[in-house]
Amino acid sequence: MTKPLSIRNITAHYGQTKVLEDLSLDIAEGELVSLLGASGCGKTTTLRLVAGFLQPTSGNITLGGKDLTKLPAHQRDIGLVFQNYALFPHLSVAENVGFGLKQRGISGEAKTKRVGAMLERVGLAHLAERLPGALSGGQKQRVALARALVIEPPLLMFDEPLSNLDAKLRVDMRVEIRQLQRANGTTSVYVTHDQEEAFSISDRVAIMHAGKIMQLDTPENLYQRPANAFVARFVGFENLVPMKVVARDGAQITAEAAGGVKLTLGLEHFGAIPDNFVLACRADGLAVTDNMGAEGIPTTLGLRTYLGRAYQYQSDTAAGMLVANGPLSRPLEPGSSAKLVPVPDQCTILAVETP
Amino acid sequence: MPTKIHPALIGFTALVFLFLVGPLVIVVGAALSDTTFLTFPPQGFSLRWFQNIFEIDAFRRTILTSLQVAVISTFVALLIGIPASYAMSRYRIQLPGWLSTLFVLPVLVPELVLGFSLLKNLAFQFNAPIFLSLIIGHTILILPYVIRVISASLASFDFSIEEAAISLGSPPLKTFFTVLLPNVRSGVIAAFILAFITSVNDVSISIFLTGPGISTLPIQLLAHMEQFFDPTVASVSVMLMVLTVAVMAIVERTLGLTFLAK
């Protein structure tokens with residue numbers, strides 16, 4: 001039933017504005033891929049193109065080898081879950097769930113049975129006769145989920161399905177969505193702007209910016225090995241320091257940053273390091289110490305904020321302003337001198353990007 | 001603890017109420033009078049002036065014409081107004097902002113001007129039959145009301161509901177009838193009633209467009225008044241009032257009046 005989705009070289013415009021540029025994306029059978037990015041990055045446009053509510057300027061979309069590009073939306077057979085639920089206000093819960101079956105000519109006993117089974121699965125069997133107006137947000141989203149799943153679509157798409165729910169329910173619902181998706185093995189596209197949500201629910205995540213996919217990878221790889229500066233910043237590498245290798249010595253290299261700051265880095269953690277590179281570190285990746293003998297970036301500490309698990313310092317260095325964390329046990333005063341020691345686990349190496 | 005209301009406020013409210021309802025009471029009273037001239041308070045009691053309406057051939061014919069014109073022009077206005085409101089709500093972003101103003105423009109033009117211009121163009125220029133002219137005139141008159149009321153109910157309609165239906169396999173046109181219309185039903189009914197009442201009660205446009213042989217009830221009423229000053233005038237007015245109130249009562253019962261004010 002479930003099928004792989006292939007988006008090939010899609011370009012799309014709103015009037016004169018280009019919103020997607022030469023976007024390609026392959027999603028394997030049964031895989032859940034999230035499109036993650038800020039509003040205006042093109043993630044919802046991509047979903048609407050696949051759904052058939054928008055037409056691409058060029059490129060094509062295939063589902064299980066079948067070309068969807070010219071197919072009208074109502075013939076695409078895709079299950080959609082909307083941010084605002086989009087339930088039919090004039091129909092009962094059961095009629096909402098049965099709507100898609102009715103369009104497929106399934107009625108009577110067969111329809112009742114499938115609707116009942118589906119409502120049972122989302123735990124709403126007791127509310128079958130209610131109108132959507134009488135449901136809570138979480139219940140509405142369950143009905144929307146059931147309505148999309150009951151037609152057993154080869155592709156499921158979610159458009160920020162949890163944005164209107166409160167924090168606790170959001171976490172519960174995303175686990176539920178993932179379980180249902182896994183159980184059915186349905187190929188899925190999940191659009192969200194919430195990084196935690198995308199990472200927790202997806203097999204792979206596409207981080208989007210300005211109509212392009214910046215990186216498509218597993219959550220683990222995105223989090224630890226971002227491919228470029230944009231993704232690095234997106235997943236929390238706050239400090240990006242351009243450096244140049246000045247000496248190579250077996251398993252380690254010495255590199256120099258602006259202002260003559262020198263660092264020695266071990267190759268066993270970072271792998272191959274090109275002559276010019278960008279050292280990307282999370283705030284946790286630069287440990288603040290007042291041991292001036294340590295190997296690190298000399299700094300004058302600025303504003304100190306309390307994070308609960310650490311103190312964070314705005315640190316003025318010869319290589320620019322950096323954000324670094326120091327231990328709770330040793331609060332250091334703003335204005336004092338310190339060293340920022342790179343923590344390999346919380347740092348990564350990026351290639352230099354030509355703008 | 002109940003708030004104490006100032007007696008002057010009660011008095012003032014009573015006066016306003018009297019001012020609003022007073023004339024209606026006088027009309028009803030006059031219609032029930034047993035005299036051959038209009039008078040209030042009524043002298044005697046008789047329903048013969050109501051009976052009289054149906055005995056005068058001109059009234060019988062114009063009642064029928066008024067109803068026909070109202071029903072047909074209301075349907076035409078809905079046929080134009082529903083798709084127009086839909087398009088303006090659905091594609092609000094793509095369409096220019098002045099478009100919705102354009103559709104409400106006939107309300108801003110004095111009805112007399114509208115009536116005169118229709119007379120000049122429809123009747124003189126194109127020699128259109130009177131009945132057709134009436135239909136066209138009334139449709140133009142009530143279309144802005146229809147569009148306003150239906151647009152108001154579409155404003156709260158979430159168009160992703162329509163997309164949900166389409167994604168589940170319902171073709172767009174079918175979706176319009178099975179999903180969109182049921183959800184703006186109250187707006188459509190309200191528009192129908194408002195349009196119907198406006199058409200039945202219209203004088204200023206009809207007075208230009210009616211002619212030999214074909215007239216509407218309010219115009220016939222004016223003509224009748226010029227010759228006779230009997231309580232028939234009052235009884236016709238009461239009949240029109242009752243019709244309006246009855247329609248309103250049905251709306252109130254089925255949908256509630258509040259949505260008319262939306």
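Chain A is the first sequence line, chain B the second, and so forth, proteins listed ahead of strands; every chain is numbered from 1.
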- Do A/D203 and A/R178 sit within salt-bridge range, that is, some charged N less than 4.0 Å from a carboxylate O?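 Salt bridge present between A/D203 and A/R178.
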
- Query: Does A/K3 pair with A/E29 as a salt bridge, N-O distance under 4.0 Å?
  - Reply: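 Not counted as a salt bridge, because no side-chain N and carboxylate O are separated by less than 4.0 Å.
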
- Message: Please report whether the ring centroid of B/F159 lies less than 6.0 Å from that of B/F157.
- Response: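 Here the rings of B/F159 and B/F157 have centres that are less than 6.0 Å from each other.
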
- Task: Classify the side-chain pair A/D67/A/T62 by whether it contains a donor and acceptor separated by less than 3.5 Å.
- Result: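 No donor-acceptor contact under 3.5 Å links the two side chains.
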
- Query: Which bit of A/L87 is near chain B, if near means a heavy-atom gap under 4.5 Å: side chain, backbone, both or neither?
  - Reply: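 Contact with chain B: backbone only.
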
- Answer with side chain, backbone, both or neither: which region of A/A73 has an atom nearer than 4.5 Å to a non-hydrogen atom of chain B?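 When you check distances to chain B, atoms from both the backbone and side chain of A/A73 fall under 4.5 Å.
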
I'd like a table of all donor-acceptor pairs linking chain A to chain B (distance under 3.5 Å, no angle check), giving the atom names and the distance to one decimal.
residue: A/R48; atom: NH1; partner: B/E163; partner atom: OE1; Å: 3.0
residue: A/R48; atom: NH1; partner: B/E163; partner atom: OE2; Å: 3.2
residue: A/R48; atom: NH2; partner: B/E163; partner atom: OE2; Å: 2.7
residue: A/N84; atom: OD1; partner: B/S160; partner atom: OG; Å: 3.2
residue: A/N84; atom: ND2; partner: B/D158; partner atom: OD2; Å: 2.8
residue: A/H90; atom: ND1; partner: B/N183; partner atom: ND2; Å: 3.1
residue: A/H90; atom: NE2; partner: B/T178; partner atom: O; Å: 3.1
residue: A/Q103; atom: OE1; partner: B/K174; partner atom: NZ; Å: 2.8
residue: A/R104; atom: NH1; partner: B/L168; partner atom: O; Å: 2.7

- side chain to side chain contact (heavy atoms under 4.5 Å, CB included) with B/L194: which of B/I142, B/I189, B/V149, B/V146?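 Option passing the side chain to side chain contact (heavy atoms under 4.5 Å, CB included) with B/L194: B/V149.
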
- Drop me the distance from A/L162's CG to A/E197's CD, to the nearest 0.5 angstrom.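 Going from the CG atom of A/L162 to the CD atom of A/E197 covers 4.5 Å.
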
- Item | Parallel, tilted or perpendicular: rings of B/F196 and B/F192 (30°, 60°) |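 B/F192 and B/F196: parallel rings.
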
